[in-house]
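Worksheet: the structure to be examined is printed underneath.
Below, chain A is the first sequence line, B the second, and so on; all start at residue 1.
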2 protein chains.
Amino acid sequence: MLPYNIHHTAIAVSDLDRTLEYYATNFKIRPISIETIDDQGVREAMIALGGSHIQLLEPLHPDTPVGRFLAKHGEGLHHIAFAVTDIDTAVAHLREQGVSLIDEVPRRGGGGHRIAFVHPRDHNGTLIELVEVHDG
Amino acid sequence: MLPYNIHHTAIAVSDLDRTLEYYATNFKIRPISIETIDDQGVREAMIALGGSHIQLLEPLHPDTPVGRFLAKHGEGLHHIAFAVTDIDTAVAHLREQGVSLIDEVPRRGGGGHRIAFVHPRDHNGTLIELVEVHDG
């Protein structure tokens with residue numbers, strides 16, 4: 001249940017295509033996937049880098065979590081995601097420890113992985129996502 | 001000169017020891033190093049996780065870059081660092097591309113690595129650090 005990797009670091013952006021162009025031009029790094037996740041209200045690109053990823057998040061509408069983040073903070077770092085082998089056990093452990101969870105029950109995220117968000121208030125203002133990675 | 005890994009994701013915190021306790025209790029992850037870097041005005045902990053790291057930054061005084069960040073934004077994600085093999089070439093390439101750099105000339109950072117910061121204004125409000133990792 002313990003985190004074994006930083007699965008991704010996520011950045012909220014207002015224009016995904018322009019941002020991907022920036023990364024391609026300046027760092028020669030390109031996305032391995034781009035997908036629209038309606039129930040999170042985002043278009044999301046994953047850039048693999050070493051054993052981790054940069055995730056770029058563009059809101060589909062202003063009235064979404066990432067849209068509200070942009071309105072409040074502007075573009076910038078949004079959350080960090082830890083890979084865990086067993087997300088149900090991880091969530092149960094955090095709940096036992098009294099850590100506030102945004103998702104008490106894991107749900108499907110990008111790539112079909114099961115995810116759960118931990119509330120930033122217990123965690124130095126940092127939004128943390130747990131990801132149970134599945135292959136294929 | 002291209003980035004080959006996310007070396008670390010950095011989080012600004014007001015109380016490093018309390019934060020380390022949080023990580024140890026809830027995620028069973030512990031720092032591999034804690035050091036004070038006077039010229040950056042921080043006490044910094046590195047937690048290895050998979051092939052990357054979480055870097056926790058506590059300001060030594062309010063009148064430091066991280067101290068001012070905390071005063072303005074509160075605790076939270078501070079920057080992301082890309083590992084590069086040759087930081088001089090990477091910096092020269094970015095300068096050629098017209099990307100604004102905070103450090104035109106690389107300097108020594110934590111762990112004795114050579115580092116340079118890229119200005120967030122060209123980069124979706126995200127502060128990016130380049131790190132040329134040296135072993136030993």
Side-chain angles (χ1 to χ4, degrees), chain A residues 1-16 18-20 22-23 25-29 47-54 56-58 70 72-84 90 93-99 118 120-128 130, chain B residues 1-16 18-20 22-23 25-29 47-54 56-58 70 72-84 90 93-99 118 120-128 130:
Chain A
M1 74 93 194
L2 305 174
Y4 63 89
N5 195 15
I6 300 177
H7 182 264
H8 61 261
T9 300
I11 301 173
V13 303
S14 54
D15 184 334
L16 183 60
R18 192 175 43 111
T19 304
L20 289 172
Y22 174 92
Y23 276 93
T25 304
N26 294 310
F27 294 109
K28 313 288 180 207
I29 51 183
I47 297 172
L49 195 50
S52 191
H53 304 83
I54 300 164
L56 301 172
L57 298 171
E58 177 195 71
L70 285 180
K72 189 167 175 191
H73 303 284
E75 295 184 302
L77 290 161
H78 184 266
H79 69 268
I80 184 170
F82 297 158
V84 295
H93 167 74
L94 291 174
R95 202 187 298 124
E96 255 171 52
Q97 296 288 335
V99 173
V118 182
R121 83 173 143 238
D122 288 337
H123 192 81
N124 309 103
T126 302
L127 180 61
I128 289 190
L130 304 176
Chain B
M1 75 96 191
L2 305 174
Y4 64 87
N5 195 14
I6 300 176
H7 182 264
H8 62 262
T9 300
I11 300 174
V13 303
S14 54
D15 184 333
L16 185 59
R18 193 177 40 113
T19 305
L20 288 173
Y22 174 91
Y23 276 94
T25 304
N26 293 309
F27 295 109
K28 313 287 179 208
I29 52 183
I47 297 172
L49 194 49
S52 192
H53 304 84
I54 299 165
L56 300 173
L57 298 171
E58 177 194 72
L70 284 181
K72 191 169 173 188
H73 304 283
E75 294 184 302
L77 290 162
H78 185 265
H79 69 268
I80 182 169
F82 297 158
V84 295
H93 167 74
L94 292 174
R95 202 186 299 123
E96 255 171 51
Q97 296 287 337
V99 173
V118 182
R121 82 172 143 237
D122 289 336
H123 192 81
N124 309 103
T126 303
L127 181 60
I128 289 189
L130 304 176

Report yes if some heavy atom in the side chain of A/F27 is under 4.5 Å from a heavy atom in the side chain of B/L130; otherwise report no. yes

A/I11 portion near chain B, given a 4.5 angstrom heavy-atom threshold: side chain

Whatever's closer than 4.5 Å to a heavy atom in chain B on A/L56 counts as neither

Parallel, tilted or perpendicular: rings of A/Y23 and B/F82 (30°, 60°): tilted

Determine whether a donor-acceptor pair (N or O, by modelled atom type, separation under 3.5 Å) exists between the side chain of B/N26 and the backbone of A/V99. no

Honestly, the part of A/I80 sitting under 4.5 Å from a heavy atom of chain B is both

Can you tell me which portion of A/I47 sits under 4.5 Å from chain B's heavy atoms? Options are side chain, backbone, both or neither. neither

Leading residue by heavy atom contact count with chain B [cutoff under 4.5 Å; candidates A/D15, A/I29, A/L127, A/L94]: A/L94

If you measure only the distance, is there a donor-acceptor pair under 3.5 Å linking the side chains of B/T9 and A/T9? yes

Under 4.5 Å from a heavy atom of chain B, the part of A/S14 involved: neither

Can you tell me which portion of A/H7 sits under 4.5 Å from chain B's heavy atoms? Options are side chain, backbone, both or neither. neither

List the residues meeting ring pair (Phe, Tyr, Trp, His ring centres under 6.0 Å) with B/H78, not counting sequence neighbours, and say none if there are none. B/F69

Those residues at least two apart in sequence (or on a different chain) that pass ring pair (Phe, Tyr, Trp, His ring centres under 6.0 Å) with B/H79 are B/H8, B/F117

If I measure from the heavy atoms of chain B, does A/Y22 come under 4.5 Å with its side chain, its backbone, both, or neither? side chain

